[in-house]
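Whatever order the structure lists ligands and atoms in, that order sets their numbers, starting from 1. This one's a predicted model, so the numbers in the text were calculated from it and none came from an experiment.
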Amino acid sequence: MSRLILLGAPGSGKGTQATRLTAKLGVPQISTGDMLREARKKGTPMGKQAAQYMDAGGLVPDEVVIGIVKERLQLKDVENGFILDGFPRTIPQAEALDVVLGDLNIKLDHVVEIAVPDEIIVPRITGRRSCPSCKRPYHVKFMKPRVENYCDDCNTELVQRSDDTEIAVKQRLDAYKKQTLPLVNYYENKHLVRKVDGSGELNEVFDRIIKILS
Ligand code: AMP
């Protein structure tokens with residue numbers, strides 16, 4: 001059974017590792033960032049409201065994300081586990097999650113903290129690209145496509161996230177330190193934290209995570 005939270009600064013590789021873990025463990029990835037971007041793309045009122053916070057590199061209000069996750073955790077596919085990627089990000093979100101999980105009568109197994117030094121985060125993020133069609137992630141230096149700026153799988157032109165600019169990244173790092181890092185302490189008190197060194201190759205980091213979970 002795998003009920004995991006992945007904690008990590010923007011650029012820690014948490015999204016990519018969550019996708020790999022999903023494939024390995026056969027449980028769904030629940031990414032609030034992806035769900036918010038989807039709502040934006042569809043132009044829903046919630047998506048429009050979230051957009052202003054996201055583009056400024058700030059956090060979307062707790063009640064909005066808590067509502068999304070609450071709904072998502074009612075779906076059948078989380079029965080055998082889930083990987084929460086990007087949620088919770090604040091203490092009120094973690095407390096709300098405890099209530100939701102308590103109502104469902106389920107417990108978290110681990111909180112994986114992916115730790116990465118600040119100086120490697122900014123180049124990691126500003127070089128990120130992804131395929132808008134199949135979502136495959138790329139990096140202009142570390143994970144280049146075969147043909148520059150086009151997806152290897154579906155040949156779609158790659159895009160950069162609107163909040164992956166240098167200014168927004170600084171804000172996002174700041175939000176992480178002020179609002180999300182206190183969660184490490186919150187979950188340490190529950191003896192759930194497994195810290196992983198997030199520097200180096202994606203494969204190396206993935207192996208470290210698997211080792212820590214087994
Ligand atoms: P991510 O893809 O996880 O980096 O999230 C992108 C952006 O979506 C963040 O910078 C926030 O603006 C917003 N977001 C995602 N998850 C949350 C959350 N749990 N709480 C508040 N805002 C969030």
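Residue contact check: T32 has heavy atoms under 4.0 Å from atoms 15 (C), 16 (N), 17 (C), 19 (N) of ligand 1. Close contacts of ligand 1 with G33, meaning ligand atoms under 4.0 Å from a residue heavy atom, involve 2 (O), 5 (O), 15 (C), 16 (N). The ligand atoms of ligand 1 that sit less than 4.0 angstrom from a heavy atom of G58 are 10 (O), 11 (C), 12 (O). Of all atoms in ligand 1, listed by their number and element, those nearer than 4.0 Å to a heavy atom of R37 are 2 (O), 6 (C).
Looking at atom 20 (N) of ligand 1, its nearest protein heavy atom turns out to be Q93 NE2, 2.9 Å. Looking at atom 13 (C) of ligand 1, its nearest protein heavy atom turns out to be L36 CD1, 3.6 Å. Atom 9 (C) of ligand 1 has its closest protein heavy atom at R89 NH2, 3.9 Å. Annotation: atom 8 (O) of ligand 1 to nearest protein heavy atom, M54 CE, 3.5 Å.
With T44 contributing its side chain and R40 its backbone, the two residues share no donor-acceptor pair below 3.5 Å. Not one N or O on the side chain of D85 forms a donor-acceptor pair closer than 3.5 Å with the backbone of I30. With S130 contributing its side chain and P137 its backbone, the two residues share no donor-acceptor pair below 3.5 Å.
E148 CD: 12 or fewer foreign heavy atoms inside a 6.0 Å radius.
Closest approach of V69 and L84 over heavy atoms only: CG1-CD2, 4.4 Å.
Of all the listed residues (K14, R161, R40), R161 holds the heavy atom that lies closest to atom 4 (O) of ligand 1.
Using a 4.0 Å cut-off between charged side-chain N and carboxylate O, D207 and R20 make no salt bridge.
Considering backbone and side-chain atoms together, V60 places an N or O closer than 3.5 Å to an N or O of ligand 1. In terms of polar-atom proximity, D34 is not counted as a contact of ligand 1, lacking any N or O under 3.5 Å from an N or O of the ligand. When only interatomic distances are considered, the shortest N/O to N/O separation between L59 and ligand 1 does not fall below 3.5 Å.
Of the candidates K177, Q171, K178, K178 is the only one forming a side-chain hydrogen bond (donor to acceptor under 3.5 Å, both in side chains) with D174.
Connection of L75 to F82 is not established within any shared hydrophobic cluster, with ILVMFWY side chains joined at heavy-atom distances below 4.5 Å, either directly or through further cluster members.
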